[in-house]
Amino acid sequence: MSSIVFQGNTEEQIRQGCAQGDRRFQEMLYNMFSAKMFAVCLRYANEYNSAQDLLQEGFVKVFKNIEKFRGEGSFEGWVRRIFVNTAIEHYRKQVNLYALHDSEARGYEYYEENALETLKQEDIMRMIQKLSDGYRTVFNLYVVEGFSHKEIGDMMGISEGTSKSQLARARYLLQKMITESGAVTGYSQNG
Amino acid sequence: MDQKMKNFDRGIEQMMNESAVAPPFGMWNRISAQLDAEVAVAAKPAASPVPQRSLTGMVIGALIIGASLVTAYVVNSTDNNNNRPSAITATAPVVVAPAIATPVTTPAISQQQPVLVSEVKPTAIRSSKPKTIAKPVEEKVTIAEETASVSATHYANDIDLLIPVMPVSANTATNDTYFFPAVDSYTGEGNKTENKAIAKVVKTEKAVEREVTTSSEPRIKFRPKKHNKHSYGKINRTSYRKR
């Protein structure tokens, strides 16, 4: 299925070695995915240290449950899902979400389509980290991970409408931050 | 406007999915240490939910109960076997061999002596329930009328009966209940005197009906007063009244 070869070992060999508790294969797996997964953790965490905690907790879960991977879909996607779930569990108790009216969320409208091209990944990530826990989580789940509002509501224990309003608010705050950073001047307040 | 929103979302998605940030140095050591710790915890035997002291106490209690049960069984079985004749007939001869073989010409003494085991009857230990002392009950014993009629012939053969000393001439039948005809020692039984006396002993005891009470004290009946109060005797208030 997968043809990824890492340090002379195929992905399946690494999985089997990790399932047997071999520390060498576990380190190989860590080296394969640590950078990508740490970026995921940084998006869901509000600070750098919290992202490190999420990374550690996520990899421990991966090693403990690696034998449950049945080969359906990509292994990277499976690992990524574990990290996302870990982040959701971590912030679920802290997040206090409430539904917003549409008029609040539609205060700003986005005009400039090329605004993001002038920004770096680190800048966008830093802005996302500045969002509150609820907005950040819903934004990441909807925009980056591609979940629907219903799925987000089920995962976070909120209603679909709350997820929508949280997303709209997150967008509004993110656009505002981009505008205030001076990178883009294409925003105008509507009403 | 929605299209612009979608483009914004898509642009952020691409940037975030392509992003990769190297974790800080030493992150793998932290993960490895946590894995080692979890493996060590898993290798430990699961702690018993019951404390060790409680387990020890339970074991000791079980031993005590078992020992008492065995003792009770043995005592009970001994009690049941008490009526059976004990078949202890140990006649195993004790052979006492000389410890030191001396060159003396005297023959070696080999004592074969049966060991007499005296039969020991185990005393039965019976557990009995505590007797409840019942209230003394009045017993009414009725002695039935006893009537005994003994014929004279019976008394004639009884050597313990006293024969009144009287002359032969007075050998006449009387109404005396204890009359026995005199016997001439010279003539013997050949006396032509007609003995018609018949001793009749009628022992009559009329039925005596009496009450036998086991209680030593006379019965005192307390009768309730009209106002549901019990009387405990009269109080002499005369001296009080005089005051």
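These values consider heavy atoms only, across backbone and side chains, with no hydrogens, waters or symmetry-generated copies. Every chain is numbered from 1, with letters handed out A, B, ... down the list of sequences.
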Shortest non-hydrogen contact from [X] toward [Y]:
{"X": "B:Pro23", "Y": "A:Phe38", "value": "CA-CD2, 3.8 Å"}
{"X": "A:Tyr48", "Y": "B:Ala22", "value": "OH-O, 4.4 Å"}
{"X": "B:Met16", "Y": "A:Arg43", "value": "SD-CD, 3.1 Å"}
{"X": "A:Gln26", "Y": "B:Leu35", "value": "OE1-CD1, 3.4 Å"}
{"X": "A:Ala39", "Y": "B:Ala20", "value": "CB-CA, 4.0 Å"}

With respect to chain B, which residue among [options] yields the maximal number of heavy-atom pairs within a distance under 4.5 Å?
{"options": "A:Val143, A:Asn140, A:Val40", "value": "A:Val143"}
{"options": "A:Arg80, A:Glu145, A:Glu122", "value": "A:Arg80"}
{"options": "A:Glu57, A:Arg171, A:Lys64, A:Glu27", "value": "A:Glu27"}

Query - Which portion of B:Gln14 sits near chain A, non-hydrogen atoms under 4.5 angstrom - result: neither
Rounded to the nearest 0.5 Å, what's the gap from [atom1] on [X] to [atom2] on [Y]? Could you check?
{"X": "A:Met125", "Y": "B:Ile12", "atom1": "CE", "atom2": "CD1", "answer": "11.0 Å"}
{"X": "B:Gln34", "Y": "A:Phe59", "atom1": "CD", "atom2": "CZ", "answer": "12.5 Å"}
{"X": "A:Leu42", "Y": "B:Ser19", "atom1": "CG", "atom2": "OG", "answer": "8.5 Å"}
{"X": "B:Arg30", "Y": "A:Leu55", "atom1": "CZ", "atom2": "CG", "answer": "8.5 Å"}

Query raised in the report: Would you call the rings of B:Trp28 and A:Phe63 parallel, tilted or perpendicular, where under 30° means parallel and over 60° means perpendicular?
Result: perpendicular
Report summary line: Whatever's closer than 4.5 Å to a heavy atom in chain B on A:Arg23 counts as both
Report task. Would you check if B:Pro24 and A:Gln52 make a side-chain contact, meaning some heavy-atom pair closer than 4.5 Å? Result -> yes
Report task. Please say whether more than 12 non-hydrogen atoms of neighbouring residues, nucleotides or ligands are located less than 6.0 Å from NZ in A:Lys36. Result -> no
